[in-house]
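So the structure is just underneath, and the comments pick up after that.
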Amino acid sequence: MAFRTKIEQIARKNESRIVLALDFPFEKPENRDSLLSKAESVLNAVHPYLCAVKFNHHLVLPLGAFGGVEKLVERVHDYGLVAIMDCKVNDIGATNQVIAEYYYATGFDALIANPFIGWEEGLQPIFEVATRLQRGIILLTYMSHKGAGEGYGQTIIDSETGEKTHQYIAFAKKALALKADGVIVGATYPRKIEEVYQVLGEKVPIFSPGIGAQGGEIRSALKAGARYLIVGRSIVGAENPAESARQIQKFTRQ
Ligand code: XMP
């Protein structure tokens, strides 16, 4: 089953559009065993309120893909959720292919990639691996941080029409043409979500990070067209992560 169908089915079943960013602050390498237990305990508490879990370098660097992370991904699957690797693939094709093969071998259902690298000898090898293994690819379109506009917001000349457009609009069109499983647009830029939604409609779902800790708001992101909310510190760093996730879930149910 295609990744986007899988996550949509889970979201409906669990009545949740929350993708948990399972991120923790830096720990001294000698204390890394405690990271695995912390990650397990957050997952155990929060899984009923999620549709997916997103991993980042926060766990892959200290625990290793085939060390603790593979175990955590297995647990995500045992809970009936999907696992996304936020590796923002951004290298030459031959390297990207190896990155994708390893992460998919770890069990990840989808990877995040950066469309700035272009198709030939860039994204193409990752899409080929994903198609062969029936996994997903989500493309960055407009990142959530303050400096995002310097790259994703640039005015460019559309290579097909010769007209001026914005980089993120060109990336949204590329995601549609490539049948990507999703795009990322920061919740910190609801107007950009709206513009990207105008390009994609319901054909490619918008994943939106930046809720809470980065200043993005749940309601405005959803109203603008975000389908999934990526939330990390507001849940993981909360005194009661399950309660925090439950409160956010209420919004995504409406
Ligand atoms: P917080 O704690 O800010 O965590 O809720 C957000 C998580 O998402 C990652 N992040 C992004 N990932 N494109 C991405 O692919 C983005 O624009 C983006 N903004 C935040 C962040 O690294 C953390 O894991």
Side-chain angles (χ1 to χ4, degrees), residues 3 7 17-26 35 38-39 42-43 46 49-63 69 72 76 82-90 96 99-100 103 108-117 123 126 136-153 167-168 171-172 175 180-193 196 204-218 220-222 224 226-239 241 244-245 247-249 251-252:
F3 171 77
I7 189 169
R17 298 196 170 270
I18 303 177
V19 177
L20 175 72
L22 193 56
D23 300 340
F24 296 88
F26 173 77
L35 269 177
K38 274 192 215 166
V42 170
L43 256 186
V46 170
Y49 312 107
L50 309 176
C51 61
V53 180
K54 183 183 81 66
F55 290 69
N56 204 328
H57 297 86
H58 305 61
L59 289 178
V60 174
L61 288 178
L63 303 181
V69 169
L72 289 167
V76 167
V82 280
I84 299 168
M85 181 57 214
D86 188 353
C87 46
K88 300 185 181 71
V89 187
N90 195 28
N96 295 339
I99 295 169
Y103 279 126
F108 283 104
D109 301 279
L111 306 181
I112 296 175
N114 194 346
F116 266 114
I117 56 179
L123 291 173
I126 329 173
I137 295 178
I138 300 168
L139 294 176
L140 295 177
T141 294
Y142 201 103
M143 288 185 69
S144 58
H145 63 296
K146 292 218 169 85
E150 290 176 27
Y152 298 91
Q167 185 66 76
Y168 60 96
F171 284 159
D181 293 271
V183 297
I184 308 258
V185 184
T188 39
Y189 299 103
R191 180 71 195 120
K192 306 289 188 233
I193 298 178
V196 169
V204 180
I206 298 173
F207 290 73
S208 201
I211 302 290
Q214 293 181 68
E217 288 173 5
I218 301 169
S220 53
L222 291 171
R227 182 97 61 97
Y228 302 102
L229 302 177
I230 298 175
V231 189
R233 287 164 288 178
S234 298
I235 295 176
V236 176
E239 208 165 298
S244 167
Q247 291 301 334
I248 299 170
Q249 182 206 20
F251 288 94
T252 75

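On a predicted model such as this, the values are computed, not experimentally measured, just so you know. Both counts, for ligands and for their atoms, begin at 1 and track the order of listing.
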Residues that Tyr142 engages under ring-ring contact (aromatic ring centres under 6.0 Å, His included), provided they are two or more places apart = Tyr168, Tyr189
Pairing residues for Lys146 by the side chain to side chain donor-acceptor pair (under 3.5 Å) criterion, not counting sequence neighbours = none
Can any side-chain N or O of Asp181 pair as donor or acceptor with the backbone N or O of Ile137 at less than 3.5 Å?
-> yes
For the pair Ser208 (side chain) and Ala187 (backbone), establish whether a donor and an acceptor sit closer than 3.5 Å, ignoring hydrogens and angles.
-> yes
For ligand 1, find each of its N or O atoms that sits under 3.5 Å from a protein N or O atom, and tabulate the pairs with distances to one decimal place.
| from | atom 1 | to | atom 2 | distance (Å) |
| --- | --- | --- | --- | --- |
| ligand 1 | 2 (O) | Arg233 | N | 2.7 |
| ligand 1 | 2 (O) | Arg233 | NE | 2.7 |
| ligand 1 | 3 (O) | Gln214 | NE2 | 3.0 |
| ligand 1 | 3 (O) | Arg233 | NH2 | 2.8 |
| ligand 1 | 5 (O) | Gly232 | N | 2.8 |
| ligand 1 | 8 (O) | Lys54 | NZ | 3.3 |
| ligand 1 | 12 (N) | Asp86 | OD2 | 2.9 |
| ligand 1 | 12 (N) | Lys88 | NZ | 3.3 |
| ligand 1 | 15 (O) | Asp86 | OD1 | 3.3 |
| ligand 1 | 17 (O) | Ser144 | N | 3.0 |
| ligand 1 | 19 (N) | Ser144 | OG | 2.5 |
| ligand 1 | 22 (O) | Asn56 | ND2 | 3.0 |
| ligand 1 | 24 (O) | Asp23 | OD2 | 2.5 |
| ligand 1 | 24 (O) | Lys54 | NZ | 2.8 |
| ligand 1 | 24 (O) | Asn56 | ND2 | 3.1 |

Could you pull out all residues at least two apart from Asn114 that satisfy side chain to side chain contact (heavy atoms under 4.5 Å, CB included)?
-> Asn90, Phe116, Leu140, Tyr152
Gln214 and Thr188: side chain to side chain donor-acceptor pair (under 3.5 Å), yes or no, with the steps?
-> CA-CA 7 Å; Gln214 293 181 68; Thr188 39; 5.4 Å; no
